[in-house]
Amino acid sequence: MSGLKLNILARLMPWRVESEAIRHFLEDESNGNKWRDSKLSELTVVNITGALIASVVSSVFSWSTIEHAPWTAKALFYSTLFMSLTSVAAGSQQSIALYRLGGHEEGLKLLKKLLSNSPTSDNEKNSRKVKPSAIQLYVWQMPIMVLNVSISLFLIGVAIVVWDRAAQQPSWNDDTKIAFVASLAGFCALTNYIMGSFFIYRGGSSRANVVQGTKCNTTPQVDDQHRVNVTSKAPQP
């Protein structure tokens, strides 16, 4: 049962997509520039979003209701600020590292050696057996993961502030109505976000499996055709 849960979780998260991209790079070094460019674009989005979240959280402390908010909400807002700035710092660090490797003559080889689970060499014949390093998968996914956690913490803090004011009211008034409507909006947003994440990564994994299956099915056919041609050209006794 635990293995099934981990398999479902792996399909819901972007780990599988990132692992496939890195594996293609390790199998064929010509895919290195594609992975580097896509990762740089991703880190740019993370840096911009992280800076935006940090500015939004900073403005929260100027709300008139924040002084009477529970300590848990304040703690979550401070945590959001730390996490969002961490995602920006990590994303900037990785972007600079990729730019520096891009300007190096042996940049792709160094990057391939960094991402692989075992050291590589020029004369390595079993390059297809090289697997991505688990710690490298975590490191390169860390900025977007920390950013997602910071957004989640911020939304939880806002929910605490809204419902704390509603809970202090003895009857159905404006604060209670605001909490009810905000909860409906939050539930709708969460449902759509989960559905979008599920179908995006599930679709990417399915397409990757289809491509791999097509390659596996077409290879024997080519070999059989080649074998037929060789047999037909062989001299008759």
### Summary
Ser55 meets the side chain to side chain donor-acceptor pair (under 3.5 Å) criterion, sequence neighbours left out, with none
Donor-acceptor pairs under 3.5 Å, side chain of residues 91-101 to any protein atom, not counting sequence neighbours: which ones?
residue : atom : partner : partner atom : Å
Ser92   : OG   : Val88   : O            : 2.8
Gln94   : NE2  : Val139  : O            : 2.8
Ser95   : OG   : Gly91   : O            : 2.8

### Query
Phe61 and Val158: same hydrophobic cluster, using ILVMFWY side-chain contacts below 4.5 Å?
yes
#### Entry: Residue pair Ala90 / Pro143: nearest heavy atoms and the distance that separates them
CB-CG, 4.0 Å
### Task
Please answer: with hydrophobic residues joined when any side-chain heavy atoms are less than 4.5 Å apart, are Val56 and Val161 in the same cluster?
yes
### Query
If you look only at pairs with a residue in residues 172-194, which of them pass as a salt bridge (charged side-chain N to carboxylate O under 4.0 Å, His left out), with sequence neighbours excluded?
Arg165-Asp175
### Task
Please go through Leu190's hydrophobic cluster and name the other residues, only I, L, V, M, F, W, Y counting, with side-chain heavy atoms under 4.5 Å joining them.
Ile194
### Query
To the nearest 0.5 Å, how far apart are CG in Asn148 and CG in Leu153?
11.0 Å
### Shortest non-hydrogen separation from Ser84 to Gly50 and the atoms involved
CB-O, 3.7 Å
### Atom pair CE/CG of Met142 and Leu147 - distance to nearest 0.5 Å
12.0 Å
### Task
State yes or no: do Trp163 and Val60 share one hydrophobic cluster built from I, L, V, M, F, W and Y residues joined by side-chain heavy-atom distances below 4.5 Å, directly or via other members?
no
### Cluster overlap Leu43 with Ile48, hydrophobic side-chain contacts below 4.5 Å
no
## Note on the structure
CG of Leu184 to SG of Cys188, rounded to nearest 0.5 Å, is 9.0 Å
Name every donor-acceptor pair, under 3.5 Å, that has one atom in a side chain of residues 64-81 and the other anywhere in the protein, sequence neighbours excluded.
residue : atom : partner : partner atom : Å
Lys74   : NZ   : Glu67   : O            : 3.4
Ser79   : OG   : Ala75   : O            : 2.8
Thr80   : OG1  : Leu76   : O            : 2.7
Thr80   : OG1  : Ser150  : O            : 3.4
Thr80   : OG1  : Phe154  : N            : 3.1

#### Entry: Heavy-atom closest pair, residues Asn47 and Ser87
OD1-O, 4.0 Å
### Query
Just how far is it from atom CD1 of Ile53 to atom OG of Ser58, taken to the nearest 0.5 Å?
11.0 Å
### side chain to side chain donor-acceptor pair (under 3.5 Å) involving Thr176 - partner list, sequence neighbours excluded
Asn173
